[in-house]
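Throughout, a chain's letter reflects where its sequence line sits, starting with A, and its residues are numbered from 1.
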There are 2 protein chains.
Amino acid sequence: MVPIMADNDCRATLIEVATPLFAEKGFNGVSVREIAGLAGVNVSMISYYFGGKEGLYGAVLNEQFAVLQRVAKIAHTATDPLKKFELYVRDTVARYRRNPYLLRFYAGELTNPTPCFATIVKPAIQEVVKTLQEFFTDGLSHHQFREGLEPTDTALALAGMINFYFLLEPATGELVDHSPERDEELIRHIMDIFANGVLK
Amino acid sequence: MVPIMADNDCRATLIEVATPLFAEKGFNGVSVREIAGLAGVNVSMISYYFGGKEGLYGAVLNEQFAVLQRVAKIAHTATDPLKKFELYVRDTVARYRRNPYLLRFYAGELTNPTPCFATIVKPAIQEVVKTLQEFFTDGLSHHQFREGLEPTDTALALAGMINFYFLLEPATGELVDHSPERDEELIRHIMDIFANGVLK
DNA sequence: GGCAATTAATCAAACGTTTGTATGAGTTAA
DNA sequence: TTAACTCATACAAACGTTTGATTAATTGCC
């Protein structure tokens with residue numbers, strides 16, 4: 001009854017193989033035969049373990065977006081509001097480095113939503129935006145940030161700077177050095193603009 | 001030989017109908033029968049006028065990305081570097097308002113590229129980034145911006161703020177007012193952060 | 001402890017649909 | 001009469017899912 005370790009091999013392999021395929025070609029761009037073939041198992045295993053192609057996609061997305069829950073915990077690891085924003089940027093970079101497919105699902109669901117968007121993606125995004133928004137109101141009450149800025153707009157502005165940078169990588173690969181060695185400089189740069197702006 | 005005006009009706013209708021379908025479901029999420037059915041013409045018309053489904057998609061994308069060529073012309077309509085950046089943000093907002101599907105193709109091709117990415121999308125994006133980059137080096141030589149900021153990184157940061165705002169609309173619709181009435185405030189807000197930062 | 005009964009896991013094969021494209025006939029206007 | 005246009009229809013291939021058989025492991029009972 002209790003499955004031994006090897007029993008989960010098929011299920012785990014399917015998720016592992018399906019992740020890069022779904023990320024790079026989208027839900028409709030991959031066939032169940034392509035996934036099963038690359039995983040070295042029979043097509044029927046997808047229906048057996050996940051109830052169908054959509055079920056497998058949902059399992060992949062659940063795994064991918066689970067890491068976003070860590071953003072809310074930043075509030076407990078830092079006190080300085082600006083430092084919290086920097087931790088968010090730093091975590092985001094590290095997240096995309098550790099998981100190269102997350103941003104594809106992120107942007108893919110925003111542009112061509114599947115049923116998973118409402119259940120998985122949208123709640124995860126709203127959580128992050130709300131958290132960043134709280135960072136700013138926190139900084140406002142500490143008189144660290146100047147008045148007149150909308151907390152949500154400001155949160156989206158910072159999130160946009162770092163996320164768009166990675167989203168544009170396929171198009172700007174020759175214009176900008178996207179290697180991890182430059183990450184520290186990128187973080188410092190974005191935080192510098194966010195904190196001080198470009199004017200003298 | 002020369003087609004009369006009515007002859008283009010079929011071809012034009014196909015592009016018109018296919019645009020929102022491709023934008024919302026992606027290339028693989030739409031069938032030629034769905035397009036032809038909604039256009040009220042026969043399926044074979046797609047192969048007849050565009051050589052196939054991919055040809056129709058390419059025609060749609062060409063039309064969508066043609067508007068991006070206007071960004072380079074900003075340099076001639078303003079002298080102040082910061083004003084050029086503001087014009088870019090303003091034009092971008094107006095572009096997305098006038099054409100609600102552009103951003104979907106934009107992000108869709110970045111995440112799940114088709115053969116059109118290399119020929120249409122990537123060159124268009126690189127043009128915009130290079131133009132913004134020149135705006136910044138221009139401002140640097142005029143001693144308007146402070147030293148130590150990378151032109152390309154700075155260009156991507158501003159582009160990220162405005163583009164990501166619209167990209168996230170499906171997820172943040174309840175958190176932020178995305179109505180056109182607030183556009184002016186949004187532009188002012190983003191330019192304010194970009195120019196001065198959030199610190200006191 | 002050993003043997004039948006049961007359950008879970010996996011497979012090859014086939015299912016009915018839908019896919020994109022091609023064909024050939026019919027229509028219209030030059 | 002010719003050329004451009006549009007149609008209904010057919011086509012082979014690919015799609016996601018289901019089926020029934022086969023194997024291996026687990027359980028219940030003596």
Side-chain angles (χ1 to χ4, degrees), chain A residues 1-62 108-109 112-117, chain B residues 1-62 108-109 112-117:
Chain A
M1 185 70 85
V2 177
I4 61 172
M5 199 49 81
D7 283 352
N8 279 350
D9 250 25
C10 186
R11 192 192 141 92
T13 307
L14 278 173
I15 293 186
E16 193 180 337
V17 162
T19 300
L21 287 179
F22 278 140
E24 277 154 21
K25 310 195 198 184
F27 178 75
N28 291 302
V30 195
S31 74
V32 289
R33 280 173 178 80
E34 188 178 357
I35 299 171
L38 225 72
V41 300
N42 193 269
V43 243
S44 57
M45 289 297 93
I46 292 175
S47 288
Y48 182 75
Y49 278 109
F50 304 97
K53 188 189 180 185
E54 269 204 33
L56 172 57
Y57 182 77
V60 169
L61 235 66
N62 255 322
E109 282 289 326
N112 306 135
T114 69
C116 290
F117 177 74
Chain B
M1 185 70 85
V2 176
I4 61 171
M5 197 51 79
D7 283 350
N8 278 351
D9 249 26
C10 186
R11 192 191 141 92
T13 308
L14 278 172
I15 292 186
E16 194 180 337
V17 163
T19 300
L21 286 179
F22 278 140
E24 277 154 22
K25 309 195 199 183
F27 178 75
N28 291 301
V30 195
S31 75
V32 289
R33 279 172 178 80
E34 187 178 358
I35 299 171
L38 225 74
V41 301
N42 192 268
V43 244
S44 56
M45 289 297 94
I46 293 175
S47 288
Y48 181 78
Y49 280 109
F50 304 96
K53 187 188 179 186
E54 269 204 34
L56 171 57
Y57 182 76
V60 168
L61 235 65
N62 256 321
E109 282 289 326
N112 307 135
T114 70
C116 291
F117 177 73

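Here the P atom of nucleotide C:dT18 and the CD1 atom of B:Ile35 are 17 Å apart, to the nearest Å. The separation between A:Lys53 atom NZ and D:dA14 atom P is 15 Å, rounded to whole Å. Rounded to whole Å, the distance from OH on A:Tyr57 to P on D:dC15 is 18 Å. Atom CZ in B:Phe50 sits about 13 Å away from atom P in C:dT21, given to the nearest Å. What separates CD of B:Glu34 from C1' of C:dG20 is a distance of 14 Å, to the nearest Å. A straight line from CG of A:Asp9 to C1' of D:dA25 spans 16 Å, rounded to a whole angstrom. Note: CD1 (A:Ile46) to P (C:dA9) measures 16 Å, nearest angstrom.
The two residues A:Cys116 and A:Gly58 have their closest heavy-atom pair at SG-CA, 3.7 Å. A:Lys53 and A:Phe27 make their closest contact through NZ-O, 2.9 Å (heavy atoms, listed as atom of the first residue, atom of the second, distance). Of all heavy-atom pairs spanning B:Ala59 and B:Ile15, the tightest one is CB-CD1, 4.0 Å.
The B:Asn42 side chain lies nearest to D:dT9 when the options are C:dT21, D:dT9, D:dT17. Looking at the side chain of B:Val32, the nearest of the listed nucleotides C:dA12, D:dT17, C:dG20 is C:dG20. For A:Tyr49, the listed nucleotide lying nearest its side chain is C:dT10; candidates were D:dC5, C:dG20, C:dT10. Nearest to the side-chain atoms of B:Tyr48 among the listed nucleotides D:dC5, C:dT10, C:dT21 stands D:dC5. Which of C:dT21, D:dC15, C:dC11 sits closest to the side chain of A:Arg33 comes down to D:dC15. Looking at the side chain of B:Ser44, the nearest of the listed nucleotides C:dA22, D:dT6, C:dC11 is C:dA22. Distances were taken from every side-chain heavy atom of B:Cys10 (C-beta onward) to each of D:dT18, D:dC11, D:dT6; the shortest belongs to D:dT6.
Summary of the strand contacts: A:Met45 and B:Ser31 both lie near DNA chain C, and taking for each the nucleotide with the nearest heavy atom, the more 5' one is attributed to A:Met45.
Shown are A:Leu61, A:Val60, A:Ile35; of these, the side-chain contact (heavy atoms from CB on, under 4.5 Å) with A:Thr19 is made only by A:Val60.
Below 30°, between 30° and 60°, or above 60°: for A:Tyr57 and A:Phe22 the angle between ring planes is above 60°, a perpendicular geometry.
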